[in-house]
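See structure below.
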Amino acid sequence: MKLVVIGGVAGGATATARARRLNEEAEIVVFERGEYISFANCGLPYYIGEVIPERDDLLVTTADAFKSRYNIDIRLFTEITAIDRNEKTVTAQNHQTGETYTETYDKIILSPGAESVRPPFPGMSSDNIFNLRDIPDSDRIKAYVDKQSPKAAVVVGGGFIGLEMAENLSFRGAKTTIVEKMEQVMPAMDYEMAGLMHAHLKEKGVDLILGDGIEAFENTNGRLLVRTEKGETLECDLVILSIGVKPECRLARDAGLEIGELGGVKVAATMQTSDTDIYAVGDAVEVTDFLTGHATMTPLAGPANKQGRIAADNVMGRRSIFRGSLGTSVVKIFEQTVASTGANEKMLTRHNIPFVASYSHSGSHASYYPGAEMMAVKLLLSPSTGKILGAQIVGGEGVDKRIDVFATAIHGAMTVFQLEELELAYAPPYGSAKDPVNIAGFVASNLLKGDVRKINWNEFSELDPETDVLIDLRNKDELEETGKIEGALHIPLDELRDNLAGLDRNKRYITFCAIGLRGYIGYRILVQHGFDARNLSGGYKTFLGAKEKIMKESPYTPIWVGE
């Protein structure tokens with residue numbers, strides 16, 4: 001058996017190590033066109049920001065160490081330029097010597113990765129416009145920042161790398177602006193959850209230009225002018241392009257392998273391509289979305305590692321399958337942690353999958369133990385079964401472990417009713433007797449059981465000012481500290497029963513509080529006294545996340561959020 005692995009990093013390196021562990025006798029040759037067989041590309045922004053001070057810490061392993069441990073033939077700086085499926089050979093070119101030669105194979109595992117999108121904007125030839133995809137990219141950016149000490153930076157794109165670079169450039173003293181074509185950063189999140197991120201970024205001094213794209217770049221007096229499609233002009237010292245990535249499929253396409261509808265290499269659950277002797281893994285492949293069954297691409301290290309292991313299993317005769325991707329992710333933005341798993345509203349709507357959205361807000365651990373931080377949780381669930389379809393969390397400490405519980409629950413086809421019953425570890429420094437996961441289950445289950453009828457923030461446009469009355473159940477000091485919705489009737493929850501006689505039974509009352517609990521209690525009081533009522537899901541906190549869109553679209557006037 002002779003296995004040729006094309007490309008290293010997450011997918012290729014994992015596949016290589018797994019293949020050797022399964023077959024000590026196989027001849028395994030790895031071709032890597034760069035210098036590094038395996039590096040932590042997710043850590044690159046933090047090296048630029050000097051959060052990770054040592055460059056060598058980014059190297060997962062060196063070629064010499066990998067070769068010594070696994071007895072692998074590793075050929076660095078060598079690119080595979082063609083695959084001859086009939087002759088079962090690959091053509092290799094050594095970029096250091098210029099030598100070109102062929103190598104035979106029995107099986108191939110392709111791990112070419114993806115390349116950064118670099119649109120042909122005018123002015124793109126400027127030497128202070130960068131992409132960040134690998135270690136050489138990070139070396140160029142860091143050298144520029146170290147030498148030039150930029151005062152201002154523009155990051156184009158508000159995805160993972162864009163947000164991490166905005167944070168780390170800020171750490172290096174650059175006033176940073178994010179320009180994002182969408183109305184929000186982090187497309188995996190729904191708008192109102194991203195709104196919480198927008199507020200935090202602005203609080204940390206990062207400017208946001210949303211719903212606007214790049215028109216052109218222009219050099220002037222050693223600086224860059226960034227012109228947007230809507231006429232904004234920004235002056236800066238460097239630009240980071242973080243518009244996205246596209247799969248590197250040229251080799252596969254030229255070899256006649258089937259390419260999927262999204263532009264990635266099409267693979268079976270075994271990671272086998274349309275050629276039975278060629279497998280493909282990582283950012284270049286199309287896989288199945290775990291929930292919808294539709295094709296998806298997930299350029300994340302976790303799925304790439306799993307796919308590499310699965311491909312190696314099948315190459316070596318051990319049946320193994322990839323069951324699909326949930327796209328589980330987490331990102332740090334200054335003091336905020338943002339995480340998601342499964343489907344968002346956009347995906348469910350696109351595939352005509354019915355859903356209910358539920359919001360809850362909980363502390364990361366017991367409130368009486370110092371340092372507890374609030375987290376906003378959004379669940380998407382099936383209205384008929386309560387099956388969990390997706391989850392999103394924005395908060396601080398503890399977000400990461402809760403999103404992992406939700407991801408596990410989705411993988412296990414669990415319902416929100418089962419979330420109520422989960423027995424999770426509790427001690428005051430780490431959680432609460434009612435964990436945020438349980439609370440999310442309680443709130444969602446109440447919806448399905450009919451214990452509460454709610455409206456979400458995006459239903460404000462359907463409210464009729466003549467018949468719908470908002471009741472703010474918060475205390476007076478809360479309104480003074482965090483603002484209010486002008487026009488809402490203010491009755492603190494503990495005074496609601498005493499004020500029922502003054503309410504109009506011909507009106508519909510929309511209760512809300514800070515995070516939803518008092519709104520729910522107020523709702524229960526009203527309906528049991530014969531009033532038509534709804535509860536604003538997620539309360540004022542969720543409203544704030546979406547306030548800009550609400551104020552643009554809602555006829556419920558005047559709606560004004562005080563600061």
Side-chain angles (χ1 to χ4, degrees), residues 3-20 28-81 90 92-99 103 108-116 118 130-146 160-161 164-165 168 240 242 245 247-248 250-251 280-285 299-309 311-312:
L3 170 63
V4 166
V5 180
I6 303 174
V9 197
T14 296
T16 302
R18 177 66 171 173
R20 175 56 77 216
I28 304 176
V29 185
V30 177
F31 291 93
E32 169 56 51
R33 66 187 172 191
E35 182 179 355
Y36 306 101
I37 186 69
S38 185
F39 64 91
N41 50 4
C42 296
L44 298 178
Y46 303 103
Y47 170 60
I48 295 167
E50 297 187 332
V51 177
I52 298 173
E54 298 297 329
R55 182 177 182 275
D56 286 351
D57 290 343
L58 297 173
L59 303 180
V60 178
T61 186
T62 64
D64 288 342
F66 200 74
K67 180 178 181 179
S68 176
R69 175 164 294 184
Y70 292 105
N71 187 28
I72 305 295
D73 182 356
I74 299 176
R75 304 182 191 180
L76 300 178
F77 300 107
T78 304
E79 182 175 4
I80 298 301
T81 58
V90 296
Q93 182 178 23
N94 187 308
H95 290 307
Q96 288 184 313
T97 66
E99 177 190 8
E103 190 78 29
I108 288 176
I109 296 179
L110 273 171
S111 181
E115 60 182 330
S116 299
R118 198 172 169 88
F130 303 94
N131 289 97
L132 178 60
R133 187 63 183 163
D134 54 26
I135 286 182
D137 288 341
S138 69
D139 288 340
R140 286 188 287 270
I141 298 171
K142 189 170 189 302
Y144 183 88
V145 174
D146 289 347
F160 293 107
I161 297 297
E164 290 168 350
M165 281 304 304
N168 283 280
I240 303 293
S242 182
V245 296
E248 291 206 33
R250 180 198 58 79
L251 188 61
V281 301
D283 295 358
V285 304
L300 298 170
N305 275 280
K306 296 173 184 66
Q307 293 161 14
R309 181 182 175 91

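Bear in mind that the values here come from a model prediction, so they are computed numbers and not experimental data. Heads up: numbering here begins at 1 and tracks the sequence. Scope of the values below: all heavy atoms of this structure, side chains included, with no hydrogens, waters or symmetry mates.
- Residues that satisfy the salt bridge (Lys or Arg N to Asp or Glu O under 4.0 Å) test with Arg55, not counting sequence neighbours, are Asp139.
- Electrostatic pairing of Arg250 and Glu115 does not count as a salt bridge here, judged by no charged N lying under 4.0 Å from a carboxylate O.
- Applying the side chain to side chain donor-acceptor pair (under 3.5 Å) criterion to Glu103, with sequence neighbours excluded, gives Lys2, Arg75.
- Every residue meeting the salt bridge (Lys or Arg N to Asp or Glu O under 4.0 Å) condition with Asp137, not counting sequence neighbours, appears here in chain and number order: Arg140.
- Remark: Gln93 CD to Thr78 OG1 distance equals 9.0 Å, nearest 0.5 Å.
- In plain terms, the two heavy atoms of Cys42 and Ala301 that are nearest each other are SG-CB, 4.4 Å.
- Taking every heavy atom of both residues into account, Gly282 and Ala304 meet most closely at CA-CB, 3.8 Å.
- Expressed to the nearest 0.5 Å, how far NZ of Lys306 lies from CG of Leu300 amounts to 9.5 Å.
- In plain terms, the two heavy atoms of Ile80 and Ala92 that are nearest each other are CD1-CB, 3.8 Å.
- Rounded to the nearest 0.5 Å, atoms CD1 (Ile161) and CD1 (Ile240) are 10.5 Å apart.
- Taking each heavy atom of Asn94 and Thr97 in turn, the nearest pair found is OD1-N, 3.0 Å.
- Although no hydrogens or angles enter the test, the distance criterion places no donor-acceptor pair under 3.5 Å between the side chain of Arg20 and the main chain of Ile72.
- Thr14 contributes a side-chain N or O that, together with a main-chain N or O of Ala10, makes up a donor-acceptor pair within less than 3.5 Å.
- For the atom pair Leu76 CG and Arg33 CZ, the distance stands at 13.5 Å (nearest 0.5 Å).
- For the side chain to side chain donor-acceptor pair (under 3.5 Å) test, residues two or more places apart in sequence or in another chain that qualify with Arg118 are Asn131.
- Contact detail for Leu3 and Ala19: the closest heavy-atom pair is CD2-CB, 3.7 Å.
- Proximity of Glu79 to Phe31: side-chain heavy atoms (C-beta onward) are nowhere separated by under 4.5 Å.
- We find the CD-CD1 distance between Glu32 and Ile6 to be 11.0 Å, quoted to the nearest 0.5 Å.
- The two residues Leu44 and Ser138 have their closest heavy-atom pair at CD2-OG, 3.7 Å.
- The backbone N or O of Ala311 lies less than 3.5 Å from no partner atom in the side chain of Arg18, so there is not a single donor-acceptor pair.
- Separating the CG atom in Asp73 from the CG atom in Asn71 is a distance of 9.0 Å, to the nearest 0.5 Å.
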Only pairs under 3.5 Å count here: list side-chain donor-acceptor contacts from residues 45-53, not counting sequence neighbours, and write none if there are none.
{"residue": "Glu50", "atom": "OE2", "partner": "Lys142", "partner atom": "NZ", "Å": "3.3"}

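- Side-chain atoms of Ser68 do not come within 3.5 Å of backbone N or O of Ala65 as any donor-acceptor pair.
- Within the 4.5 Å cutoff, no side-chain heavy atoms of Asp283 are placed close to those of Pro247.
- Every pair passing ring pair (Phe, Tyr, Trp, His ring centres under 6.0 Å) that includes a residue from residues 54-75 is listed here, sequence neighbours excluded: Phe66-Tyr70.
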- [ ] Mind running side chain to side chain contact (heavy atoms under 4.5 Å, CB included) on Leu58 and Tyr36 for me, showing each step along the way?
- [x] CA-CA 10 Å; Leu58 297 173; Tyr36 306 101; over 6 Å; no
